[in-house]
Amino acid sequence: MIRVLLFGRLRDVAGWRETAIEPAPASLAALKGLIAERWPDLSEALAGPGVQAAVNRGLVRGDAVLAAGAEVAFMPPMSGG
Amino acid sequence: MIRVLLFGRLRDVAGWRETAIEPAPASLAALKGLIAERWPDLSEALAGPGVQAAVNRGLVRGDAVLAAGAEVAFMPPMSGG
Amino acid sequence: MITLTDQAFDPGAALTAFSAGRSESGAVASFLGLARGEAGQSTALELEAWPEFTAPEIEKMAQSARQRFALHDVAVIHRVGEIAPGEAIVMVMTAAAHRREAFEACDYLMDYLKSRAPLWKKEHGPAGARWVEPTARDLADLERWGS
Amino acid sequence: MITLTDQAFDPGAALTAFSAGRSESGAVASFLGLARGEAGQSTALELEAWPEFTAPEIEKMAQSARQRFALHDVAVIHRVGEIAPGEAIVMVMTAAAHRREAFEACDYLMDYLKSRAPLWKKEHGPAGARWVEPTARDLADLERWGS
């Protein structure tokens with residue numbers, strides 16, 4: 001099982017903030033494939049400019065291995081201040 | 001009669017802060033000549049870098065006519081903040 | 001010190017606390033970001049954070065500023081949740097020996113917070129709500145720092 | 001607003017007052033200059049002003065900043081007289097729509113105050129007293145503004 005978290009407009013697009021996926025996909029790429037099947041609107045939004053992914057609270061670029069229990073967050077462009 | 005005001009280190013050099021000069025010198029240049037006679041140390045300090053003069057609270061460069069009752073201030077380099 | 005809070009805070013009290021007892025820091029710069037009403041077009045801001053990630057990321061930025069500008073101290077307070085026009089959103093304070101370092105560190109931190117802090121801002125108004133993203137100017141500002 | 005005062009002032013109270021009720025100014029920058037103790041080498045600063053001239057000259061600088069940076073508001077508080085280490089010497093606050101203008105105006109005003117405000121600063125220490133004059137860095141900072 002892995003947990004997936006969404007922030008900002010990604011949450012509005014998907015209609016959820018957090019979900020658990022079982023069985024765990026083996027990689028970030030596999031997770032994205034699964035998202036494309038289940039939530040095509042979210043999948044499109046994830047491909048937009050400036051969307052970043054974090055695995056276990058560390059930003060990742062490209063693909064990453066997902067261990068069981070991993071926490072994956074997808075974050076649209078950040079805007080503090 | 002004119003009034004002369006000194007600020008900062010010029011006051012320490014001259015040993016006074018304000019004085020009246022009677023009869024009134026006709027110009028800033030004439031006033032400086034008079035200062036050179038009476039207060040040679042101050043005269044030397046006035047020639048130092050960054051010393052500015054104000055006549056009736058307006059900064060002047062070069063010479064300026066002094067009317068009776070004029071207020072002349074000599075100011076060393078400014079240092080606020 | 002990094003503070004994320006869902007309560008309104010008093011910028012003056014924060015500045016008094018930050019600047020008290022500093023006899024070797026000649027310079028304290030601060031920046032305070034307030035929610036603009038946009039003449040009625042913005043009725044509230046909603047700031048979303050992921051506290052367990054947002055606070056450590058801002059702490060990293062603050063430590064980067066501290067080293068780069070030889071700061072004596074740095075503090076960031078960031079509101080989260082719903083914010084009314086005129087209320088403080090963010091406050092950055094920097095203390096240094098001289099003013100240039102204090103100013104530049106404050107400027108640098110604000111540029112980073114605007115485009116790199118894990119926060120998401122939604123503006124609510126009469127015409128609905130929209131997510132705010134960094135502007136071209138925000139991104140250009142960030143590029144000044146060369147990273 | 002320009003204030004010259006021979007009494008210690010509370011920077012936080014000044015910031016609270018300055019930033020209150022601003023629903024259209026997104027940005028308030030401030031700078032606070034504190035008297036440094038220089039590890040015991042400076043026991044007090046003495047700031048001499050010529051109030052009838054100093055206040056109007058600072059007001060001119062503030063108005064110049066207001067126009068140049070499209071400020072919504074600006075305030076300068078400057079201590080005069082004897083100032084102990086850790087006490088506030090000067091505080092500049094600027095309010096603008098966006099942060100760049102607020103920061104730059106604050107920076108600009110500090111550079112002007114350092115080298116162009118009719119104030120004279122004497123530092124007292126165990127070895128005696130000396131008049132402080134703008135440093136080469138102060139003058140270089142001022143030149144950035146092109147005048």
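In what follows, chains carry the letters A, B, and so on, assigned in the order in which the sequence lines appear, proteins first and then strands, with residues in each chain numbered from 1.
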Does any heavy atom of chain D fall under 4.5 Å from the side chain of C:D111, the backbone, both, or neither of them? both
Rounded to the nearest 0.5 Å, what's the gap from [atom1] on [X] to [atom2] on [Y]? Could you check?
X	Y	atom1	atom2	result
C:R22	D:R36	CZ	CZ	13.5 Å
D:E87	C:S19	CD	OG	12.0 Å
D:F103	C:F31	CZ	CZ	5.5 Å
D:T16	C:D10	OG1	CG	4.0 Å
C:L32	D:S30	CG	OG	8.5 Å

Pick whichever of D:A29, D:G37, D:G26 has the most heavy-atom pairs under 4.5 Å with chain C. D:G26
Go through the atoms of D:A27 and report whether side chain, backbone, both or neither lie under 4.5 Å from a heavy atom of chain C. both
So if I apply the side-chain contact (heavy atoms from CB on, under 4.5 Å) rule between D:D138 and each of C:H98, C:R100, C:R99, which one comes out positive? C:R99
Residue D:E82 excluded, over 12 heavy atoms near CD under 6.0 Å: no
Is a side-chain N or O of C:E38 found less than 3.5 angstrom from the main chain of D:E24, in a donor-acceptor match? no
Is there a side chain to side chain contact (heavy atoms under 4.5 Å, CB included) between C:L15 and D:M91? Walk through the geometry before answering. CA-CA 12 Å; C:L15 181 63; D:M91 185 172 188; 3.6 Å; yes
Which one, C:P85, C:S42, C:S25, leads in non-hydrogen pairs under 4.5 Å with chain D? C:S25
